[in-house]
Amino acid sequence: MAGGAAKYRHLSRKSSHRQALLRNLVTSLFKHESITTTWPKAKEAQRLAEKLITLGKKNTEASRRRALSVFYTPHELLPKLFGPLRERYAERPGGYTRVLRVEPKKDDQAASAILELVDGPKDIRFAMTARTVARQRSQGNDILNELTKLNVQKVTRFRKDGVEDLEQAIKKLELDGKEDKKETGSKQ
């Protein structure tokens, strides 16, 4: 049926190939905490990843078996899912992953995206917010604009010690900026 309301993206693959693809993407996501792929694949993998983190938060024997059936390397990833990730997202009601559109990287110009776990060490929004605040402070602007305030609130809201982590990242960027200025000044 053309134009019918689909419950998921078929990704131009038969079901077994699609399931294998999504399992592989989710396994890589939990292993590396950030992956780059096409936008439709990222959106479908995001659905599966959210369900797996919810299973990790439940921490029952049935949820362990279900997660075991999804991962390609379960003995490596189950302790991570039911350990650090479960603790990281214990207070968060949902939204454990983020899909960020990026410039097309492939020759075919397909819409690319980064799929990442939020509040982790590779959280791009956290790094970009810290960089923005550091730049504004170096320019003498102690008052943040509304968008930056909103991003600061978003990246610190559910992160454990979020405000302290953000301040540490800002200070590190400020120190790196001062070292870069010294190096360029000595070369001239």
Side-chain angles (χ1 to χ4, degrees), residues 2-58 63 66-74 76-132 147-148 150-159 162 165-166 169:
K7 293 184 180 177
Y8 55 88
R9 292 171 183 85
H10 296 277
L11 303 175
S12 299
R13 288 163 172 81
K14 59 183 183 176
S15 64
S16 60
H17 188 189
R18 184 176 52 254
Q19 287 172 353
L21 169 81
L22 294 175
R23 287 178 63 196
N24 193 13
L25 286 172
V26 169
T27 299
S28 296
L29 174 66
F30 281 94
K31 189 174 189 177
H32 302 290
E33 297 209 4
S34 179
I35 59 172
T36 303
T37 183
T38 62
W39 187 79
K41 289 178 192 174
K43 291 301 282 185
E44 284 302 307
Q46 181 183 28
R47 293 176 63 190
L48 184 57
E50 297 271 342
K51 290 176 185 175
L52 284 171
I53 293 174
T54 302
L55 288 175
K57 285 174 63 173
K58 288 181 182 177
S63 63
R66 175 72 179 107
L68 183 74
S69 70
V70 173
F71 291 127
Y72 275 125
T73 55
E76 180 182 330
L77 295 176
L78 280 182
K80 184 175 183 178
L81 175 63
F82 289 96
L85 292 179
R86 179 173 175 250
E87 294 166 8
R88 184 191 305 173
Y89 300 122
E91 300 300 317
R92 185 179 275 271
Y96 315 112
T97 59
R98 178 182 299 125
V99 176
L100 299 167
R101 284 186 183 256
V102 294
E103 289 292 318
K105 296 196 185 301
K106 297 182 179 178
D107 294 335
D108 62 359
Q109 295 295 305
S112 297
I114 296 173
L115 175 61
E116 65 180 3
L117 296 175
V118 299
D119 295 342
K122 295 185 178 182
D123 191 347
I124 293 174
R125 179 177 277 172
F126 183 83
M128 289 173 54
T129 303
R131 189 174 298 136
T132 302
L147 182 61
T148 307
L150 181 65
N151 282 333
V152 167
Q153 179 190 6
K154 283 181 179 180
V155 299
T156 59
R157 185 169 161 195
F158 292 108
R159 184 183 285 252
D165 288 348
L166 185 65

Next on the checklist: Among residues at least two apart in sequence or on other chains, which ones pass ring pair (Phe, Tyr, Trp, His ring centres under 6.0 Å) with Tyr8?
Outcome noted: His10

Item to check | For the student: nearest non-hydrogen atoms of Ser34 and Ile114, plus distance | outcome: OG-CG2, 3.5 Å

Next on the checklist: Minimum heavy-atom separation for Arg88 and Gly120, please, with both atom names.
Outcome noted: NH1-CA, 3.4 Å

Item to check | Summary of ring-ring contact (aromatic ring centres under 6.0 Å, His included) pairs that have at least one residue in residues 98-117, sequence neighbours excluded | outcome: none

Checklist entry - What pairs with Tyr89 under ring pair (Phe, Tyr, Trp, His ring centres under 6.0 Å), at least two apart in sequence or on another chain? => result Tyr96

Checklist entry - So, Lys122 side chain and His32 main chain: donor-acceptor pair closer than 3.5 Å or not? => result yes

Checklist outcome for this item: Per side chain to side chain contact (heavy atoms under 4.5 Å, CB included), Leu52 is matched among Val70, Thr97, Leu77, Leu85 by Val70

Checklist entry - Of the non-hydrogen atoms in Ala111 and Pro40, which two are nearest, and what is the gap between them? => result O-CD, 4.4 Å

Next on the checklist: Ignoring hydrogens, what is the shortest heavy-atom contact between Glu116 and Leu29? Give both atom names and the distance.
Outcome noted: CA-CD1, 4.0 Å

Next on the checklist: Measuring from atom CG of Asp165 to atom CG of Asp123, what distance do you get when rounded to the nearest 0.5 angstrom?
Outcome noted: 11.0 Å

Checklist entry - Has the side chain of Arg86 got a donor or acceptor atom that lies under 3.5 Å from a matching backbone atom of Leu81? => result no

Checklist entry - So which heavy atom on Ala110 is nearest to which on Pro104, and how close? => result O-CB, 3.3 Å

Next on the checklist: Under the rule for ring pair (Phe, Tyr, Trp, His ring centres under 6.0 Å), what residues qualify as partners of Phe71, not counting sequence neighbours?
Outcome noted: Phe30

Next on the checklist: Donor-acceptor check, side chain of Asn24 to backbone of Ala20, threshold 3.5 angstrom: yes or no?
Outcome noted: no

Checklist outcome for this item: Output for pair (Thr38 OG1, Leu11 CG), nearest 0.5 Å, gives 7.0 Å

Checklist entry - Between Lys57 (side chain) and Arg92 (backbone), is there a donor-acceptor pair under 3.5 Å? => result yes

Next on the checklist: My understanding is that only residues two or more places apart in sequence, or in another chain, count here; which of them pass ring pair (Phe, Tyr, Trp, His ring centres under 6.0 Å) with His17?
Outcome noted: none

Item to check | Pairs involving residues 42-56, ordered by first then second residue, that meet salt bridge (Lys or Arg N to Asp or Glu O under 4.0 Å) (sequence neighbours left out) | outcome: Arg9-Glu44, Glu44-Arg47

Checklist outcome for this item: On a heavy-atom basis, the closest approach of Ala45 and Leu115 is CB-CD2, 3.8 Å

